[in-house]
Amino acid sequence: MSSTISLVFVVIGVLALLAAVTVMVIALRRPPRAAAPVASPQAGAEDQPEALAQARAQVDEAHRDADQIRSSAEADAAALLRQAEESAQKIGQAHREAEEGIRLAKDELGQLRSDLERRESRLADREGRLDSELHKLEQRSADLEQTKAELASERTEMERMEEQRREILERTAGLTASQAKAELVAGIENQAKREAALLVRDTENEARRDGETRARRIVTLAIQRVASEQTSESVVSVLHLPGDEMKGRIIGREGRNIRSFESVTGVNLIIDDTPEAVLLSCFDPVRREVARLTLERLVLDGRIHPQRIEEAYERSRDEVAQLCVRSGEDAMVELGITDMHPELVTLLGQLRYRTSYGQNVLGHLIESAHIASIMASELGMDAALLKRCTVLHDIGKALTHEVEGSHALIGAEIARKYGEAADVVHAIEAHHNEVEVKTVEAVLTQAADAISGGRPGARRESLEAYVKRLERLEQLASAREGVDKVFAMQAGREIRVMVKPDQVDDIQAQVIARDLAKQVEEELTYPGQIRVTIVRESRATEYAR
């Protein structure tokens with residue numbers, strides 16, 4: 001309110017100042033009165049009316065200026081008055097808003113005070129309850145102390161009675177407490193040993209029986225749940241042509257195009273009488289795929305010459321490299337692995353075009369990972385760890401053509417280099433028994449690898465290699481002393497050796513089986529495993545007389 005009164009006084013002072021300024025301006029702008037001319041004796045009577053008219057004109061002009069200044073001052077004063085009224089209205093509105101805010105603040109303060117009073121009341125009630133509980137706890141503590149004292153007294157009495165009873169027993173039995181204790185412990189120990197031996201024997205028999213049944217069920221379930229394709233890899237690719245006239249353009253003048261193609265790609269291009277098709281032959285599947293894409297680009301473009309062949313080969317090689325990286329990423333997505341080093345993913349993708357006995361290596365790794373994961377889940381183990389072990393166990397094959405050594409040891413070094421766990425590295429280096437197996441993960445990795453590679457249709461080999469392997473198996477077995485006949489069975493996966501019973505006994509038969517299996521492992525290369533069985537005939541002859 002005091003601010004409103006001050007503002008009104010300020011407005012009144014401004015108006016008074018404007019009025020004073022207006023009066024001063026009027027006084028300054030009024031022209032000075034002309035001095036009355038001194039009548040000269042020579043001045044005529046006709047000059048007086050003209051001077052009078054001029055004076056009246058000046059007076060009228062001064063009145064007009066004064067009126068104009070007064071109207072301007074009045075307009076300015078009116079504007080200032082309106083501004084003052086508007087300011088007064090705003091001040092009144094601000095005053096009303098301030099009063100409303102004060103009222104709301106008072107209401108809120110009252111509500112806060114009521115809440116505070118309620119909280120104080122609740123706190124007082126809670127303090128009362130706490131005091132009551134504290135009193136109860138003190139009473140209970142006193143009761144416990146009394147009970148404890150009573151128990152201590154009863155324990156002392158029981159110890160005294162036990163001492164009297166022991167003295168009576170010692171006098172009756174003629175033995176001291178230590179001697180009786182020793183006899184009792186010896187009897188219990190003998191009984192426990194017998195029961196433990198029986199329990200161990202029953203447990204071993206049950207574990208052996210249940211373990212074989214469960215292992216067979218786990219392996220069978222893992223095989224059944226993995227649906228994989230049959231082997232379809234080959235060393236020859238077929239490219240269909242839009243017409244037979246394209247064969248001449250592929251050969252080129254005097255065969256320069258086909259020579260350039262084979263020199264750049266390293267793949268043999270076979271053009272025969274097959275209608276609208278040519279053959280690409282190479283044992284390296286990556287190189288053969290690059291050559292196939294190169295020839296496909298050249299056929300679609302139609303321009304075939306040595307320079308164009310080199311350009312198409314470079315583009316095809318880059319495309320195959322990108323496909324390898326994408327294949328590795330797709331394999332990781334399929335297996336649910338997200339934290340593998342990018343270099344390992346790239347190496348896995350390079351196995352897309354690698355084969356082992358006709359089986360695609362990348363497909364074999366994915367299949368093995370699924371099998372190991374299923375078996376790990378059945379055994380209550382870490383399925384994710386088994387996936388990493390099995391999907392990386394053949395990664396060394398991506399570098400076997402660049403680095404000397406076993407692919408298992410090479411793969412272990414690569415995995416160790418890119419930060420894989422010690423269990424994963426050990427499973428990789430031990431999956432072909434080149435390192436002694438020490439973990440369950442390594443055993444399951446071997447099992448998954450054997451299941452994936454040994455299932456029907458998984459792998460194949462050429463007829464020539466197959467026949468040579470069978471012949472070599474028979475030669476190794478026949479070279480043993482005491483061997484009578486040798487039979488290679490189940491497509492070379494089992495060999496049965498018939499020995500002479502008069503020269504080889506049962507222990508020697510076991511030695512022959514072990515030595516022959518070890519020699520086969522060292523000298524032959526084969527998919528899966530080969531079972532060696534030694535058969536010894538026992539005869540009993542008697543004569544009736």
Any side-chain donor paired with an acceptor under 3.5 Å for [X] and [Y]?
X      : Y      : answer
Gln446 : Asn433 : yes
Thr390 : Ser368 : no
Gln519 : Arg480 : yes
Asn257 : His305 : no

Candidate pair Asp394 and Lys397, rule salt bridge (Lys or Arg N to Asp or Glu O under 4.0 Å), full reasoning:
CA-CA 6 Å; Asp394 276 345; Lys397 291 184 178 180; 3.7 Å; yes
Side-chain donor or acceptor of [X] paired with backbone N/O of [Y] under 3.5 Å:
X      : Y      : result
His341 : Glu343 : yes
Thr147 : Asp143 : yes
Ser377 : Ser373 : yes
Arg317 : Arg287 : no
Lys387 : Ala372 : no

Evaluate the side-chain proximity of [Y] to [X]: yes if any heavy-atom separation is below 4.5 Å, no if none is.
X      : Y      : answer
Ser260 : Arg256 : no
His432 : Asp449 : yes
Leu241 : Ile250 : yes
Glu441 : Leu385 : yes
Leu473 : Val520 : yes
Arg514 : Val511 : yes
Leu348 : Leu392 : yes
Val325 : Val345 : no

Just wondering, are more than 12 heavy atoms of other shown residues or ligands nearer than 6.0 Å to CD in Glu523?
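Atom CD in Glu523 is packed in, count exceeds 12.
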Counting only heavy atoms not in Leu300 (residues, nucleotides, ligands), do more than 12 fall under 6.0 Å from its CG?
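Yes.
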Can we say [X] and [Y] salt-bridge, meaning some charged N sits less than 4.0 Å from an Asp/Glu carboxylate O?
X      : Y      : answer
Glu413 : Arg416 : yes
Asp339 : Arg388 : yes
Glu311 : Arg308 : yes
Asp318 : Arg315 : no

Kindly give the heavy-atom pair with the smallest separation between [X] and [Y], and that separation in Å.
X      : Y      : value
Ile428 : Ala415 : CD1-CB, 3.7 Å
Glu436 : Ala430 : O-CB, 4.5 Å
Ser478 : Val483 : CA-CG1, 4.3 Å
Ser281 : Val267 : O-CG1, 3.4 Å
Thr265 : Ala291 : CB-CB, 3.9 Å
Leu347 : Ala398 : O-CB, 3.8 Å

I'd like to check the salt bridge (charged side-chain N to carboxylate O under 4.0 Å, His left out) partners of Arg531; sequence neighbours left out, ordered by chain and number.
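Scan of Arg531 (salt bridge (charged side-chain N to carboxylate O under 4.0 Å, His left out), adjacent residues dropped) gives none.
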For the [atom1] atom of [X] and the [atom2] atom of [Y], what is their distance to the nearest 0.5 Å?
X      : Y      : atom1 : atom2 : value
Leu344 : Lys417 : CG    : NZ    : 10.0 Å
Leu444 : Ile451 : CG    : CD1   : 9.0 Å
Arg129 : Leu134 : CZ    : CG    : 14.5 Å
Met332 : Ser327 : CE    : OG    : 11.0 Å
Lys148 : Arg155 : NZ    : CZ    : 9.5 Å
Thr294 : Glu289 : OG1   : CD    : 9.5 Å

Would you check if the distance from the ring center of His364 to the ring center of His393 is below 6.0 Å?
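Yes, the ring centres sit under 6.0 Å apart.
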Proximity of His431 and His426 rings by center, below 6.0 Å
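No.
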Check the pair Ile495 / Val486 against side-chain contact (heavy atoms from CB on, under 4.5 Å), numbers first and verdict last.
CA-CA 7 Å; Ile495 179 172; Val486 179; 3.7 Å; yes
Under the side chain to side chain donor-acceptor pair (under 3.5 Å) criterion, do Ser316 and Arg297 qualify, and how do the steps go?
CA-CA 8 Å; Ser316 300; Arg297 277 196 171 90; 2.9 Å; yes
Check step by step if salt bridge (Lys or Arg N to Asp or Glu O under 4.0 Å) holds for Arg496 and Glu494.
CA-CA 7 Å; Arg496 293 188 181 181; Glu494 180 179 359; 3.0 Å; yes
Audit row: Glu296, Arg292, salt bridge (Lys or Arg N to Asp or Glu O under 4.0 Å) steps and yes/no:
CA-CA 6 Å; Glu296 185 177 355; Arg292 188 189 67 79; 3.2 Å; yes
List the residues meeting side chain to side chain donor-acceptor pair (under 3.5 Å) with Gln475, not counting sequence neighbours, and say none if there are none.
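So Gln475 forms a side chain to side chain donor-acceptor pair (under 3.5 Å) with Arg472.
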Run the numbers on Val497 and Lys485 for side-chain contact (heavy atoms from CB on, under 4.5 Å), then give the verdict.
CA-CA 6 Å; Val497 182; Lys485 297 179 182 179; over 6 Å; no
Which residue pairs pass the side chain to side chain donor-acceptor pair (under 3.5 Å) test with at least one member in residues 499-509, sequence neighbours excluded?
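Residue pairs with at least one partner in residues 499-509: Asp506-Arg536.
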Run the numbers on Leu293 and Glu319 for side-chain contact (heavy atoms from CB on, under 4.5 Å), then give the verdict.
CA-CA 9 Å; Leu293 292 177; Glu319 182 178 352; 4.2 Å; yes
Quick one: do Met246 and Ile304 satisfy side-chain contact (heavy atoms from CB on, under 4.5 Å)? Show the steps, please.
CA-CA 10 Å; Met246 185 60 67; Ile304 303 177; 4.0 Å; yes
Take Arg326 and Glu329, measure what salt bridge (Lys or Arg N to Asp or Glu O under 4.0 Å) needs, and give me the verdict at the end.
CA-CA 5 Å; Arg326 190 179 307 164; Glu329 295 173 350; over 6 Å; no
